[in-house]
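The analysis underlying the following values was restricted to heavy atoms, covering all of them including side chains, and did not include hydrogens, waters or symmetry mates.
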Amino acid sequence: MTRGKGVAAALFLIPTVLVFGLFSWWPIIRSVVLGFQQTNLVEAATFAGLDNFRTLLADPLLGTAVRNTLLFTGLALLIGFPLPLLLAVLMSELRRGSGLMRVLVYLPVVVPPVVAVLMWKWFYDPDSGLFNQLLGLVGLGPYPWLQSTGMAMPSLILEATWAGAGGVVLIYLAALSSVPTELYEAAELDGASVWRRLWHVTLPQLRPILLIMLLLQVINTFQVFTEPFVLTDGGPEDSTVTVLLLIYRYAFVNGDYGTAAALSVSLAVVLAVLSAVYLRLTRAWGTK
């Protein structure tokens with residue numbers, strides 16, 4: 001590359017770097033700084049050292065939020081990770097109606113998240129909700145979907161899985177199109193069923209994308225906020241309080257922006273370390 005072309009490339013790159021730095025890196029830096037300050041964002045901030053982190057660790061609700069977040073992540077992955085893959089495989093096997101199926105599967109992604117959650121809140125209504133009305137036709141219910149400490153979290157996970165599966169299905173369908181058809185043809189000649197082709201052909205070929213999607217879903221579920229905020233507001237009895245909902249309460253309910261920033265930074269560090277360890281452990285797996 002000549003010097004003139006290098007200068008031209010740098011000039012085109014500068015606006016992108018500035019915009020990225022302004023809207024991505026600057027908020028991160030401000031959050032880190034804010035985590036060591038005491039401020040209400042109106043008066044001048046004062047240096048607090050590690051006081052915000054001590055306040056955070058002394059809050060008994062932190063342990064509850066962490067446990068609920070881990071529970072949500074575990075159950076969401078148990079249901080939401082294999083389901084999109086199975087749907088993608090079944091849709092790729094369809095000879096007719098695959099286009100309609102793709103539209104129906106992706107439709108929840110088009111619905112704005114808050115609108116989708118509010119719709120499901122009506123579905124879960126213990127008196128006039130759709131689910132209890134349908135179950136009542138066969139003599140079941142009514143069930144306190146969001147009012148029970150045992151049912152509230154699974155109810156949130158069900159809605160989150162429905163809302164997020166469509167985009168993941170399309171990613172898997174795109175990945176399936178890159179699998180050599182000769183492998184499937186050879187498996188069919190050997191008499192392999194759909195499930196054996198899935199296990200011996202599809203999964204090995206999709207291993208790199210599966211590993212990346214698993215990490216992305218872990219990061220996404222760790223940051224769940226909309227469902228517990230709109231559906232339950234963390235209830236009943238704090239059974240659905242998550243880390244992000246606790247951050248929201250610190251900042252916008254208690255006005256304690258320093259502790260909210262401290263918890264945000266702590267969550268970011270945990271996810272960064274988790275991602276680094278995961279990528280290192282799976283580096284070899286993705287190439288086998």
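Annotation: side-chain hydrogen bond (donor to acceptor under 3.5 Å, both in side chains) contacts of R54 (sequence neighbours excluded): D51. Partners of T64 according to the side-chain hydrogen bond (donor to acceptor under 3.5 Å, both in side chains) rule, which considers only residues two or more places apart in sequence or in another chain, are R67. Residues satisfying the salt bridge (Lys or Arg N to Asp or Glu O under 4.0 Å) test with D238, not counting sequence neighbours, are R249.
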Please set out all donor-acceptor pairs under 3.5 angstrom arising from side-chain atoms of residues 151-161, sequence neighbours excluded.
from : atom 1 : to   : atom 2 : distance (Å)
S155 : OG     : W145 : O      : 3.2
S155 : OG     : M151 : O      : 2.7
T161 : OG1    : I157 : O      : 2.8

Listed pairs under 3.5 Å, donor-acceptor, residues 164-181 side chains, sequence neighbours left out:
from : atom 1 : to   : atom 2 : distance (Å)
S177 : OG     : A174 : O      : 2.5
S178 : OG     : A175 : O      : 2.6

- side-chain contact (heavy atoms from CB on, under 4.5 Å) assessment of N132 paired with D125: CA-CA 8 Å; N132 280 336; D125 188 275; over 6 Å; no
- Message: Test side-chain contact (heavy atoms from CB on, under 4.5 Å) on V66 and L62; report intermediate values, then the result.
- Response: CA-CA 6 Å; V66 171; L62 175 63; 4.1 Å; yes
- Task: For side-chain contact (heavy atoms from CB on, under 4.5 Å), just list the numbers for I247 and V243, CA-CA rounded to whole Å, side-chain angles, deciding distance to a tenth of an Å, and then say yes or no.
- Result: CA-CA 6 Å; I247 293 173; V243 172; 4.2 Å; yes
- Apply side-chain contact (heavy atoms from CB on, under 4.5 Å) to L85 and L206, showing your working. CA-CA 10 Å; L85 178 61; L206 297 186; 4.0 Å; yes
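No donor-acceptor pair closer than 3.5 Å links the side chain of D256 to the backbone N or O of A251. Of the possible donor and acceptor atoms, one in the side chain of D59 sits under 3.5 Å from a partner among the backbone N and O of L61. The backbone N or O of V89 sits less than 3.5 Å from a side-chain atom of S92, completing a donor-acceptor pair. Under a 3.5 Å cut-off, the side chain of N52 and the backbone N or O of A262 do not form any donor-acceptor pair. Between the T221 side chain and the T73 main chain, no donor and acceptor come within less than 3.5 Å of each other. S148 places no side-chain N or O within 3.5 Å of a backbone atom of P144 that could act as its donor or acceptor partner. The backbone N or O of M119 lies less than 3.5 Å from no partner atom in the side chain of Y124, so there is not a single donor-acceptor pair.
Within 6.0 Å of CH2 on W25 lie no more than 12 heavy atoms contributed by other residues, nucleotides or ligands. Shown here is Q147, whose CD atom has more than 12 heavy atoms of other residues, nucleotides or ligands within 6.0 Å. The local environment of CH2 in W199 is sparse, with at most 12 non-hydrogen atoms from other residues, nucleotides or ligands closer than 6.0 Å.
Hydrophobic clustering of Ile, Leu, Val, Met, Phe, Trp and Tyr side chains at less than 4.5 Å, counting indirect connections, unites L274 with L70.
Of all non-hydrogen atoms in T240 and L245, the two that sit nearest each other are O-CD2, 4.3 Å. The nearest pair of heavy atoms linking L210 to F81 is O-CZ, 3.6 Å. The nearest pair of heavy atoms linking V230 to K121 is O-NZ, 3.2 Å. Here the closest heavy-atom approach between residue P82 and residue L77 is recorded as CD-O, 3.3 Å. For M101 against M91, the heavy-atom pair with the smallest separation is C-CE, 3.8 Å. Taking every heavy atom of both residues into account, T39 and A45 meet most closely at CB-CB, 3.7 Å.
Between F229 and F225, the ring-plane angle classifies as parallel under the 30° and 60° cut-offs. Ring orientation note: the planes of F123 and F131 are tilted relative to one another, at an angle of 30° to 60°. Relative ring orientation between W162 and W120 is described as tilted, the plane-to-plane angle lying within the 30° to 60° band.
When side chains are defined from C-beta on, V265 counts as touching V269, because their heavy atoms get closer than 4.5 Å. Looking only at side-chain heavy atoms (C-beta outward), L216 and N220 stay at 4.5 Å or farther from each other. Within the 4.5 Å cutoff, the side chain of E227 has heavy atoms near those of the V224 side chain. Inter-residue side-chain proximity for L18 and L22 is flagged as unmet; no heavy-atom pair is nearer than 4.5 Å.
T69 and T242 form no side-chain donor-acceptor contact under 3.5 Å, judged by distance and modelled atom types alone.
V103 belongs to no hydrophobic cluster with other residues, because no ILVMFWY side-chain heavy atom falls under 4.5 Å from its own, directly or through intermediates.
The ring of F53 has its center closer than 6.0 angstrom to the ring center of F36.
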